[in-house]
Protein chains: 2
Amino acid sequence: MKTTIYDVAKEAGVSIATVSNVINNNGRVGEKTRQKVLKTMAQLEYSPSVVASALTGKKTNTVGLLIPDISNPFFADIARSIEDRGNELGISVIICSTDNLEEKEKKYISLLIRKSVDGFILASGVKSLDLLEEVMEKKIPVALIANDIPSLPITTVTIDDFKGGYIGTKHLLSLNHTKIAMIAEHAWSNIQRINGYKQALLEQNVEPREEYFIKTEATIERGKEAGLQLLNLEEPPSAIFACNDLLAIGAIEAARELGFDLPNDLSVIGFDNTVLCRLTVPKLTSVSQPIHDMGKKVFDMLLDSDFTNQKTLFMPELVVRESSGKYKDTV
Amino acid sequence: MKTTIYDVAKEAGVSIATVSNVINNNGRVGEKTRQKVLKTMAQLEYSPSVVASALTGKKTNTVGLLIPDISNPFFADIARSIEDRGNELGISVIICSTDNLEEKEKKYISLLIRKSVDGFILASGVKSLDLLEEVMEKKIPVALIANDIPSLPITTVTIDDFKGGYIGTKHLLSLNHTKIAMIAEHAWSNIQRINGYKQALLEQNVEPREEYFIKTEATIERGKEAGLQLLNLEEPPSAIFACNDLLAIGAIEAARELGFDLPNDLSVIGFDNTVLCRLTVPKLTSVSQPIHDMGKKVFDMLLDSDFTNQKTLFMPELVVRESSGKYKDTV
DNA sequence: ATGAAAGCGCTAACAT
DNA sequence: ATGTTAGCGCTTTCAT
């Protein structure tokens, strides 16, 4: 049988309350007794049951992480940063890939509620706001990372997406591009990025063109489709700003297929600065999110009620690689 | 307060035992009572506590997944496949990125034991065999995926690594390459791949050369270093077989840096067939593991004692893309 | 400083 | 078919 607190108590000749106290460092234990208990705990290889402890109202030291897909490198990076912080704190992270499906979202959340997780970190766009409010009513902490629901008071860690869109576009503008297209996806963060893009254009008196703007899903395939569509335009753009790296990679594929030579005939920049950026040819210029810091921060905010419903904004940074270059009117 | 089984019992006018029975579908409940209980459960939005249930000896419906690094696409894929199966079964998966560090491995395992997880799935090379045996002594199920510890009787799902090494090499041989180098990493699976590689060479009377063989860590950087070393040889290889895609990508970078034109001057093939293969230029030929099937299988074997300590072997397949081509003696 | 005992929410005999 | 009750391993008053 598994050793319990009773075994330790008996062996050490003390009560279970005392053992409990030494486990939790709850004062009122004489130094001698403490040592004796510690020793027998070691002897018996006793390890306290989190399950039993949780039943008495203590934490489960487990949080749920909802992301669209763990096999997407961007989210895998987020997961890793959160997991690392969890490991430091002795808290386990349960992964939940929702594929942005409301059904999966619900299933995962209700299961994790039954498991009494200490909180939820959401990196996916939340489909079911009702569910989310239900969770918050139950006083289960919730925090968002790399996405926001502006309509809700909720703990959030994001980058300044407006600025992200702005600096990316500025970069292209500074390379003399004016025919700058944007491929975005449906997400709140993207709306801000789009606004930043438009702001940058307007500041240079460049009128955003309707046909240079595509909204689609965040996959390489869709990015390629969008790229194809853009580059087959009568007057194709000389630069494409993709709202995430996957879309950018798709756009690059499209460009290669159509015989464009990057960055001479076309500049492409991405967003997120994932590991993928260094794999593309040419290497992808991208707007970077400080994922590691963000993961740590969101975890800490989740657990510290001082931060409840606060919003933390990190600053994006442009990482210039080889996929963006000076505009040359070669046509 | 949270609704408990008592609230439901009282509201429905039955005993908690009856409620428990309808929750668990434990026969002996009249249809009328069952309906009544079901209804009040819904009314009260009752959701049974897994924690309390676990304390009475039932499962926690949680497993731990130990991998080297969730941000490595190969392992993210494994995680996803396991998570998917878990979701179907109502079982949660806790991610544990060990970085192949014994210290982390220990910390994760002992924490998860305290949490009474139902089992462990290990995708990382296990550093501490003692720890592993300790887990098995505690009768906690353990299963390995994509790696093996031949010295231990333990549930395992792998591919036939020997065959993987063999078919990759055969492919290169069939393209008339004879100067075939191999970049491997330290892992049991790689030993088998190496054996397969040697076997294929021997069958064609090609003598494996010492200088064409490098063992290193599984990162792009190391792959690049290895590639540089190989290609700077007096008589550089005409083909490189990397034991995983990361190494292959590094090798491709090295080749590009040195001005090699793939696949004309050099063929490179990888192993694992990760998403990265379609991102490289040229697209990477790679030996594929049926990860999705393997994830499902390992989960099922973990939970079904019929399979305890059995070893399941899946078959690798070669996915030919653009990075491997006919040998041309252009030098 | 330490111990006795109640209770957390549930399961599983055992009764009825 | 349904109810009673004794745990599961731990935390936490409340006594001593």
Side-chain angles (χ1 to χ4, degrees), chain A residues 1-38 40-41 44-62 90 111-118 138-139, chain B residues 1-38 40-41 44-62 90 111-118 138-139:
Chain A
M1 228 11 244
K2 199 180 173 305
T3 24
T4 72
I5 198 170
Y6 286 95
D7 304 322
V8 177
K10 186 187 290 176
E11 184 69 23
V14 298
S15 77
I16 58 165
T18 301
V19 178
S20 176
N21 280 336
V22 355
I23 292 171
N24 302 291
N25 273 309
N26 280 355
R28 27 173 129 276
V29 180
E31 193 46 34
K32 260 174 96 173
T33 332
R34 149 168 277 106
Q35 289 306 330
K36 189 171 49 184
V37 171
L38 249 19
T40 55
M41 275 177 33
L44 273 50
E45 294 184 336
Y46 168 69
S47 89
S49 156
V50 174
V51 171
S53 156
L55 189 57
T56 71
K58 308 279 274 192
K59 308 242 164 211
T60 51
N61 293 321
T62 307
L111 177 59
L112 292 194
I113 289 179
R114 298 213 294 116
K115 291 195 175 170
S116 312
V117 292
D118 297 336
K138 290 196 197 322
K139 305 293 179 202
Chain B
M1 229 12 246
K2 199 179 174 306
T3 27
T4 73
I5 199 171
Y6 286 96
D7 304 322
V8 177
K10 186 186 292 177
E11 184 69 22
V14 298
S15 77
I16 59 165
T18 302
V19 178
S20 176
N21 280 336
V22 355
I23 293 172
N24 302 293
N25 273 309
N26 280 357
R28 24 173 132 278
V29 180
E31 192 47 33
K32 260 174 95 173
T33 333
R34 149 168 275 107
Q35 290 307 330
K36 190 170 51 181
V37 171
L38 248 19
T40 55
M41 275 175 35
L44 272 49
E45 293 185 335
Y46 168 69
S47 90
S49 156
V50 174
V51 170
S53 156
L55 189 56
T56 72
K58 308 280 274 191
K59 308 243 165 212
T60 50
N61 293 321
T62 307
L111 177 58
L112 293 193
I113 289 179
R114 298 212 294 116
K115 292 196 175 167
S116 312
V117 293
D118 297 336
K138 290 195 196 324
K139 305 293 180 204

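Nothing here was measured: the structure is a model prediction, and the numbers come from that model. Chain naming here is simple, since letters A, B, ... match the order of the sequence lines and numbering starts at 1 in each.
Interatomic distance, A/L38 CG to A/T33 OG1, rounded to the nearest 0.5 Å: 11.0 Å. Here A/L112 contributes atom CG and A/D118 contributes atom CG; the two are 11.0 Å apart, rounded to the nearest 0.5 Å.
Rounded to an integer number of Å, the gap from CZ of A/R114 to C1' of C/dG9 is 13 Å. Distance CG (B/N21) to C1' (C/dT11): 9 Å, rounded to an integer number of Å. Whole-Å rounding puts the A/D7 CG to D/dG9 C1' distance at 10 Å. With rounding to whole Å, B/K36 atom NZ is found 15 Å from D/dA1 atom P. A/N26 has its CG atom 15 Å from the P atom of C/dG3, to the nearest Å.
Here the side chain of A/K2 pairs a donor or acceptor atom with the backbone of A/S47 at under 3.5 angstrom.
Nearest-nucleotide mapping onto DNA chain C: of B/S20 and A/S15, the residue sitting toward the 5' end is A/S15. Mapping B/G57 and B/I16 onto DNA chain D via the closest heavy atom, the residue that lands nearer the 5' end is B/I16.
Candidate nucleotides D/dC10, C/dC10, D/dT4 were compared by shortest atom distance to the side chain of B/A17, and D/dT4 ranks first. Proximity note for B/K58 (side chain, C-beta onward) versus C/dT11, D/dT4, C/dC8: the nearest is C/dT11. For B/V29, the side-chain atoms get nearest to D/dT2 when compared with the rest of D/dT2, D/dT12, D/dT11. Nearest nucleotide to the side chain of B/A52, out of C/dT11, C/dG9, D/dT11: C/dG9. Here the side chain of B/I5 is nearest to one of D/dT12, C/dC10, D/dG9, namely C/dC10. The side chain of B/V14 lies closest to D/dG3, out of D/dT12, D/dG3, C/dG9. In this structure, the nucleotide among D/dA1, D/dC10, C/dC10 sitting nearest to the side chain of A/Y6 is D/dC10. Closest contact between the side chain of B/L55 and the listed nucleotides C/dT11, D/dT11, C/dG9 involves C/dG9. Distance from the side chain of A/T56 is smallest to D/dT11 among D/dG7, D/dT11, D/dA1.
Using a 4.0 Å heavy-atom cutoff across all strands shown, B/T18 reaches sugar-phosphate atoms only and no base atom. Residue-level contact check: B/I23 touches neither bases nor backbone, having no heavy atom under 4.0 Å from any strand.
Looking at B/T60 and B/K115, their side chains never bring a donor and an acceptor atom within 3.5 Å of each other.
The number of heavy atoms from other shown groups lying within 6.0 Å of NZ (A/K10) does not exceed 12.
One finds no side-chain N or O of A/T4 lying less than 4.0 angstrom from the OP1 or OP2 phosphate oxygen of D/dG9. Applying the 4.0 Å criterion to OP1 and OP2 of D/dT11, one finds that A/N24 has a side-chain N or O inside that range. Neither OP1 nor OP2 of C/dG9 sits under 4.0 Å from any side-chain N or O of B/S53.
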